[in-house]
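To start, the structure under review is shown below, and the notes come after it.
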Amino acid sequence: MKKALVVEDEFSSRLIMQKLLEEHAQVHIAINAEEAIEACKIALEADDYYDLICLDIQMPGLNGNEALKHLRQLEIDAQVPPGKEARIIMTTAMNDSSIIMKTFRDQSDAYLIKPITKAVLEEKLKALKLI
Amino acid sequence: LQEAHTAGEEYHGVVIIDYDKSHTESIHIAKVIRDKYEYQDISLIAVCSLQEQNSKQELAEAGFNAQLTKPISLEGLKHTLSDALNHNIGNLIEKPAKNIHKIVQSKLDGSNLAVLLVEDNEINRRVAQGIFAQYNISPDIAVNGREAVEKTAAKKYDIIFMDCAMPILDGYAATKEIRARGDKQPIVAMTANAMSDDREKCLRAGMDNYISKPINPELIFGALKSYCKPLETQEPSAELRILIAEDDSSMLNTLTMAIHAAFPHANIKETSDGIEACTLLGSFMPNVLLTDIVMPNADGAAIIRHIRKEKRYQNTHIIVITGLDEKSEEVLNIRSLGVDTIIFKPFSLRSITHTIADIIKKPSQSLTKTDDSFSIFEPEKLELIFPGDTPSQIEVLKATLETFPLLIATCRDAFSSDTMDEVYRNAHSIKGASLNIGALRLAEAAKNAEYAARDNKKIEIETLLNKIDEELHLLEKEPMVANITKESP
């Protein structure tokens, strides 16, 4: 079973992601970037890291892009072998391509615009070879 | 080509270019021709050697219309030439050139022109009158050469269209009489015998030009354009304001030149900076925005959002040009914002000018909707998220509805304590949550509040918060929503 982490501050979107992903993975939840970083640290230490992280861009505290950089640094520090890094999908309702492109530069793998539907999510998971 | 161009002539025809081994020089020549003369009717044929497998894509991108393979057979040459000349170029991507005049001709206003139509055949007269009517011209009529001589003596015409073969006095004789009087107004012959000696006869009689029958709008337009100079300022393209936003300066230059060539009366402004594009919008009010996606300071998406947000730009057409992939997320995003069309690089300059010409004839594709065009509740949205999974749909709908009171209260508190960041964030959450469940009017109100908070427009926020309350109230009264909240244990 794959392992996924959903990072989303807004309840409704979080619930949807959780329910959509539950079919394909064991889903953990974080409601902000700080929780997400903590969860990843624990998972890396236990050598039971996430296959997929869905990261909301706009969150209070650290935003998604800053969280993304932290998470990629954690992977480097923990010497995660190439190819074993988490696939990171940025999620946003912002529809702003400059922000999206910035996350691509910071090593995100894909992005999804909310509201996220079963069809687009699964298409993305297939593209990332997660299902 | 340069000489013809400088002399103000258009070069219609075929250019055959040896596609040499290094290719670069031939491609360069083709591109220069396409860029400089792109609005003209030129077909480019590449002559390739058999050993080389040139991709059609590569040739098409360079601007070629067709290719010939060495050794060239007479038959092959004939076919390719006839295809190129008739624009039946099916085997390559590039579309045949169109005369750009065709596009503006139908909008030409000739209501100020005094036109005399000299034609004895009633059917031909009616046909001609129908064509003139397209340009708001109602010509005076003379049914033979004698009448024409009399009418031109009594009134000064801007242009005379003269049939040649007529009873009583034919077109040639009538023209000679008119010229003999010293009248110099343009006379265009309409003749069914389009042989060169007939042309000679027309010109010797003192006519300025001739068009062959059956006449058509294009021929009439060409004559009007050639001989009625004041007409040019009446072209509607004088109203055309085009803003070009592109950060690659050579591309910007090329686009500006091509558009200027195709629309000589258009008012064109250019910028290489996204922020400047946004500020130019207000002062310039373009009918057409041609924009790249990736740009410094504010990208294409930001500019387009800005346009689609404001009612006063509802007539602005948006053409996006991009080097990004058609299926890339940036492009899908741009598409969702509401643009007229997206053109992918590499593109021919002709496709740009033709797109502009097409687009200005249509109402803008603005997606700016009024409130009423959004639904209070669209259950289909949840069906999209969880297809066929009603329990999940209901669970999410219920849970989401429960979050609104707290989100709205937090938003209000933040507004009272003047923390705009909080207002912005919570309005953003309300928007996201209501989009999830298909509460589109609520989402729209929340989106407007989100923007107002971002732009620190406090007066608007107050109104929008009330609007959010109102919309939530309406949502809760929707039968399906009301049932679900009632069922709650």
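Being a predicted model, the structure only gives us computed values, none of them experimental. Proteins come first, then strands; the chains are lettered A, B, ... in the order of their sequence lines, and each starts at number 1.
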Item to check | Enclosure of A/Asp77 CG (heavy-atom neighbours >12, cutoff 6.0 Å) | outcome: yes
Checklist outcome for this item: So OG1 of B/Thr400 and CG of A/Leu15: to nearest 0.5 Å the spacing works out to 6.5 Å
Checklist entry - Does any heavy atom of chain A fall under 4.5 Å from the side chain of B/Glu422, the backbone, both, or neither of them? => result neither
Next on the checklist: Let me confirm one number: the NZ-CZ distance from A/Lys19 to B/Phe386, rounded to the nearest 0.5 Å.
Outcome noted: 6.0 Å
Next on the checklist: Quick check on B/Thr403 against chain A: is it the side chain, the backbone, both or neither that has a heavy atom closer than 4.5 Å?
Outcome noted: side chain
Item to check | Residue B/Ile293 versus chain A: region with a heavy atom under 4.5 Å | outcome: side chain
Next on the checklist: For a 4.5 angstrom cut-off between non-hydrogen side-chain atoms, does B/Glu329 reach A/Phe104?
Outcome noted: yes
Next on the checklist: Which one wins on heavy-atom pair count under 4.5 Å against chain A: B/Pro387, B/Ala433, B/Gly438?
Outcome noted: B/Ala433
Checklist outcome for this item: Most contact-rich option vs chain A, by heavy-atom pairs under 4.5 angstrom, among B/Val396, B/Asn426, B/Ile430, is B/Val396
Item to check | OG on B/Ser336 to CD1 on A/Ile113, rounded to 0.5 Å | outcome: 5.5 Å
Item to check | B/Lys345, NZ atom: more than 12 neighbouring heavy atoms under 6.0 Å | outcome: yes
Checklist entry - Taking everything shown except A/Lys3 itself, do over 12 heavy atoms lie less than 6.0 Å from its NZ? => result yes
Checklist entry - Can you tell me how far OG1 of A/Thr117 sits from CD of B/Glu383, rounded to the nearest 0.5 angstrom? => result 11.0 Å
Checklist outcome for this item: When the 4.5 angstrom heavy-atom criterion is applied to B/Lys431 and chain A, the contacting part is side chain
Checklist outcome for this item: Ranked by heavy-atom pairs below 4.5 Å to chain B, first place among A/Ser13, A/Pro60, A/Ala110 goes to A/Pro60
Item to check | Candidate pair B/Tyr424 and A/Gln58, rule side-chain hydrogen bond (donor to acceptor under 3.5 Å, both in side chains), full reasoning | outcome: CA-CA 11 Å; B/Tyr424 173 70; A/Gln58 200 180 31; 3.0 Å; yes
Checklist entry - How many angstroms lie between OG in B/Ser392 and NZ in A/Lys118, if you round to the nearest 0.5 Å? => result 9.0 Å
Item to check | Side-chain ion pair, B/Arg425 and A/Glu10, N-O less than 4.0 Å | outcome: no
Item to check | Winner by heavy-atom pair count (cut-off under 4.5 Å) against chain A, out of B/Gly432, B/Ala399, B/Gly300 | outcome: B/Ala399
Item to check | Contact class of A/Leu121 relative to chain B, heavy atoms under 4.5 angstrom | outcome: neither
Item to check | Pairwise side-chain contact, B/Ile385 with A/Leu20, heavy-atom cut-off 4.5 Å (strictly under) | outcome: yes
Checklist outcome for this item: When the 4.5 angstrom heavy-atom criterion is applied to B/Phe404 and chain A, the contacting part is neither
Checklist entry - Quick one: does A/Phe11's side chain get under 4.5 Å of B/Leu406's, heavy atoms only? => result no
Checklist outcome for this item: For A/Pro115 and B/Asn436 the tightest heavy-atom approach is CB-OD1, 3.3 Å
